[in-house]
Protein chains: 2
Amino acid sequence: MRYHRTDIVERAVGILDAYGLADLSMRRIASELGLQPSALYHHFGSKQELLAAVADELLDRGARPDVPEASWDERVLALSHELRDAMLAYRDGAELVATAHAYGLGVRSPVERLATALEGAGFDEAFARTAAMTVLHFVFGHVTGEQAHRQANSAGAIDADPLGRADTGSFDLGLSLILEGIRHRRPATAKREP
Amino acid sequence: MRYHRTDIVERAVGILDAYGLADLSMRRIASELGLQPSALYHHFGSKQELLAAVADELLDRGARPDVPEASWDERVLALSHELRDAMLAYRDGAELVATAHAYGLGVRSPVERLATALEGAGFDEAFARTAAMTVLHFVFGHVTGEQAHRQANSAGAIDADPLGRADTGSFDLGLSLILEGIRHRRPATAKREP
DNA sequence: ACCTGAACACCGTTCAAGT
DNA sequence: ACCTGAACACCGTTCAAGT
């Protein structure tokens with residue numbers, strides 16, 4: 001059988017969700033496709049490159065349309081939740097996406113969409129990028145912890161997060177702190193009409 | 001020769017700084033100590049446990065005294081910079097510490113110290129923890145990116161971060177956004193005297 | 001208490017060769 | 001263009017046995 005990149009990515013997503021990131025090996029993907037491991041290197045230069053494609057696929061699957069008519073803070077909130085939901089939808093999704101992003105491969109669109117929303121509100125480009133990265137670091141860090149915690153619980157622990165360390169409430173609260181900080185610097189053009 | 005945990009951690013720190021996290025294997029540590037890999041399992045239950053001890057060691061080495069007489073925001077700022085400097089002081093330090101923290105092993109003190117500083121300002125415990133985690137997610141995410149970028153540059157790339165994506169300036173700027181958001185919710189007891 | 005020796009069950013990646 | 005077969009140079013972890 002002959003495969004394309006998309007077939008391989010699809011199979012990888014299946015393994016990820018069923019067995020987790022630790023079991024997502026080149027050899028495993030190859031064997032599930034009935035290929036030799038070396039065959040994958042015809043489609044991807046390295047495992048990192050393949051994982052980046054998988055990360056992008058997860059984000060694409062969870063993508064929701066932009067709402068350009070909404071206010072900048074509503075858009076940033078919506079983008080953050082879209083990202084969170086997309087990562088939570090697959091086992092180890094947050095860790096995979098965060099790692100791919102840290103290695104500078106794939107996952108370009110979230111930063112750009114966040115920065116665009118902020119620039120649309122009149123923030124200058126440099127500030128918009130820093131603010132977008134600040135939001136993104138929070139989202140990745142929070143959701144990674146949240147997912148680790150969920151999986152630890154569903155794997156038989158008693159603890160149901162009694163401290164509320166990493167649920168939706170603390171996600172929205174942490175995010176609101178950053179949004180408030182950004183709001184505090186909003187330029188004249190972004191102020192609501194009086 | 002007979003070794004203790006501290007000897008093993010010390011050797012691991014040396015390998016980390018000289019060869020990076022990817023080469024910090026149990027077999028490498030053992031061979032540099034003249035031991036069989038299995039000997040390490042007498043001192044640590046798993047590689048994760050050993051890495052957590054290494055992460056704690058890096059943070060201990062970069063520790064600076066608390067300044068209880070300073071204002072809460074000065075203390076949070078100082079703790080964030082202490083953490084950043086401690087991680088930047090060793091190759092792949094940020095990735096190691098962030099990973100250990102994500103796996104819930106070791107690295108307990110930064111969260112607690114941040115939360116304590118906020119509670120001292122009159123914030124309630126739940127808010128203090130969420131705010132501390134928000135700061136921590138930012139610090140881990142930013143410094144991980146910063147260090148990846150630095151190492152990519154020192155490894156022969158031309159790019160000297162022309163976009164200022166992850167330097168001290170954007171660290172302070174991102175952090176100030178979060179601090180402003182926290183400030184916005186400060187309780188009565190934390191307000192400056194009029 | 002601390003370590004050896006040997007094994008188990010894996011990895012990512014390269015490369016000549018095949019169709 | 002896409003893949004096989006075989007190899008290279010590794011992994012983390014377990015466990016009986018030694019001192």
Side-chain angles (χ1 to χ4, degrees), chain A residues 1-55 91-92 95-96 99-100 102-106 148 151-152 155, chain B residues 1-55 91-92 95-96 99-100 102-106 148 151-152 155:
Chain A
M1 263 232 201
R2 249 105 226 256
Y3 294 107
H4 290 62
R5 286 173 63 102
T6 52
D7 304 312
I8 295 167
V9 169
E10 209 168 329
R11 203 61 160 189
V13 171
I15 296 172
L16 176 74
D17 209 34
Y19 305 100
L21 188 56
D23 285 334
L24 187 56
S25 67
M26 297 298 269
R27 299 181 103 104
R28 181 84 124 107
I29 298 166
S31 89
E32 287 216 1
L33 290 168
L35 293 174
Q36 295 293 322
S38 52
L40 298 177
Y41 290 87
H42 196 78
H43 302 274
F44 298 93
S46 66
K47 186 185 181 185
Q48 277 300 336
E49 216 176 90
L50 197 162
L51 290 185
V54 175
R91 169 124 77 133
D92 293 335
E95 199 184 338
L96 172 69
T99 303
Y103 279 70
L105 298 166
Q151 286 164 189
Chain B
M1 264 236 201
R2 252 106 227 260
Y3 294 106
H4 289 64
R5 286 172 64 101
T6 52
D7 304 312
I8 295 167
V9 168
E10 209 169 331
R11 202 61 158 190
V13 171
I15 295 171
L16 175 75
D17 209 35
Y19 306 99
L21 188 57
D23 285 333
L24 187 57
S25 66
M26 297 299 269
R27 299 181 103 104
R28 181 83 125 105
I29 298 165
S31 89
E32 287 216 0
L33 290 167
L35 293 174
Q36 294 293 322
S38 52
L40 298 177
Y41 289 85
H42 195 80
H43 303 275
F44 299 94
S46 66
K47 187 186 181 184
Q48 278 299 335
E49 215 176 273
L50 196 161
L51 291 185
V54 175
R91 167 123 78 131
D92 292 334
E95 199 183 339
L96 173 69
T99 302
Y103 280 69
L105 297 167
Q151 285 165 187

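Protein chains get the first letters and strands the later ones, always in sequence-line order, with residue 1 at the start of each.
A heavy-atom distance below 4.0 Å to DNA chain C is reached by none of the residues of residues 7-21 of chain B. Within residues 43-54 of chain B, the residues that have a heavy atom under 4.0 Å from DNA chain C are, in order of number, B/H43.
The environment of B/Y3 atom OH is dense: over 12 non-hydrogen atoms of other residues, nucleotides or ligands sit within 6.0 angstrom.
With hydrogens and angles ignored, the 3.5 Å screen pairs no side-chain donor or acceptor of B/E32 with any backbone N or O of B/R28. A/D7 contributes a side-chain N or O that, together with a main-chain N or O of A/H4, makes up a donor-acceptor pair within less than 3.5 Å. Formation of a donor-acceptor pair under 3.5 Å by the A/R27 side chain with backbone atoms of A/P37 is not found in this model.
When the P atom of D/dC11 is taken as reference, atom CG of B/L40 falls 12 Å away, rounded to whole Å. Taking atom CG of B/D23 as the reference point, atom P of D/dC10 lies 9 Å away to the nearest angstrom. Summarising the geometry, the separation between OH on B/Y41 and C1' on D/dA16 is reported as 17 Å, rounded to the nearest angstrom. Atom P of nucleotide D/dC10 and atom CG of B/L24 are separated by 15 Å, given to the nearest angstrom. Here D/dC11 presents its P atom at 8 Å from CZ of B/R28, a figure rounded to the nearest Å. The CG atom of B/L35 sits 14 Å away from the C1' atom of C/dG5 (whole-angstrom rounding). Remark: P of D/dG5 and NE2 of A/H42 are 17 Å apart, rounded to the nearest angstrom.
Taken from CG in A/L33 to CD in A/E10, the straight-line distance is 10.0 Å, to the nearest 0.5 Å. A/Y41 OH to A/M26 CE: the interatomic distance, rounded to the nearest 0.5 Å, is 4.0 Å. Rounding to the nearest 0.5 Å gives a distance of 9.0 Å between OG of B/S31 and CZ of B/R11. Interatomic distance, CG of B/L24 versus CG of B/L96, reported as 7.5 Å (0.5 Å rounding).
Taking side-chain N and O atoms only, A/Q36 has a distance below 4.0 Å to OP1 or OP2 of D/dG5.
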For the pair A/I29 and A/L50, evaluate side-chain contact (heavy atoms from CB on, under 4.5 Å) and give the outcome as yes or no after the intermediate values. CA-CA 11 Å; A/I29 298 166; A/L50 197 162; 4.1 Å; yes
- Query: When you look at B/L21 and B/L16, which way does the side-chain contact (heavy atoms from CB on, under 4.5 Å) test go after all the steps?
  - Reply: CA-CA 5 Å; B/L21 188 57; B/L16 175 75; 4.1 Å; yes
side-chain contact (heavy atoms from CB on, under 4.5 Å) for A/K47 and A/L40? Distances and angles first, verdict last. CA-CA 9 Å; A/K47 186 185 181 185; A/L40 298 177; over 6 Å; no
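With a 6.0 Å cutoff to the six-membered ring centre and a 45° limit on the axis angle, A/R91 does not count as a cation-pi contact of A/Y19.
With C/dT13, D/dT4, C/dC3 as the choices, the nucleotide that has an atom nearest any side-chain atom of B/Y3 turns out to be C/dC3. In the set C/dC11, C/dC2, D/dT4, the nucleotide with an atom closest to the side chain of A/R27 is C/dC11. The side chain of A/S38 lies closest to D/dA6, out of D/dA6, C/dG12, D/dC2. Closest to the B/M26 side chain, of the nucleotides D/dG12, D/dC2, C/dC2, is D/dG12.
Nearer to the 5' terminus of DNA chain C, by closest-nucleotide assignment, is the contact made by A/S25 (compared with the other of A/A39 and A/S25).
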The dot-bracket string of DNA chain D, counting Watson-Crick and G-U wobble pairs with both distances under 3.5 Å, using [ ] for crossing pairs and | for pairs to another strand, is ||.|||||...|||||.||
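Comparing the C1' positions of C/dC2 and D/dA17 gives an interatomic distance of 13 Å, to the nearest angstrom. A distance of about 15 Å separates the C1' atoms of C/dC3 and D/dT14, rounded to the whole Å.
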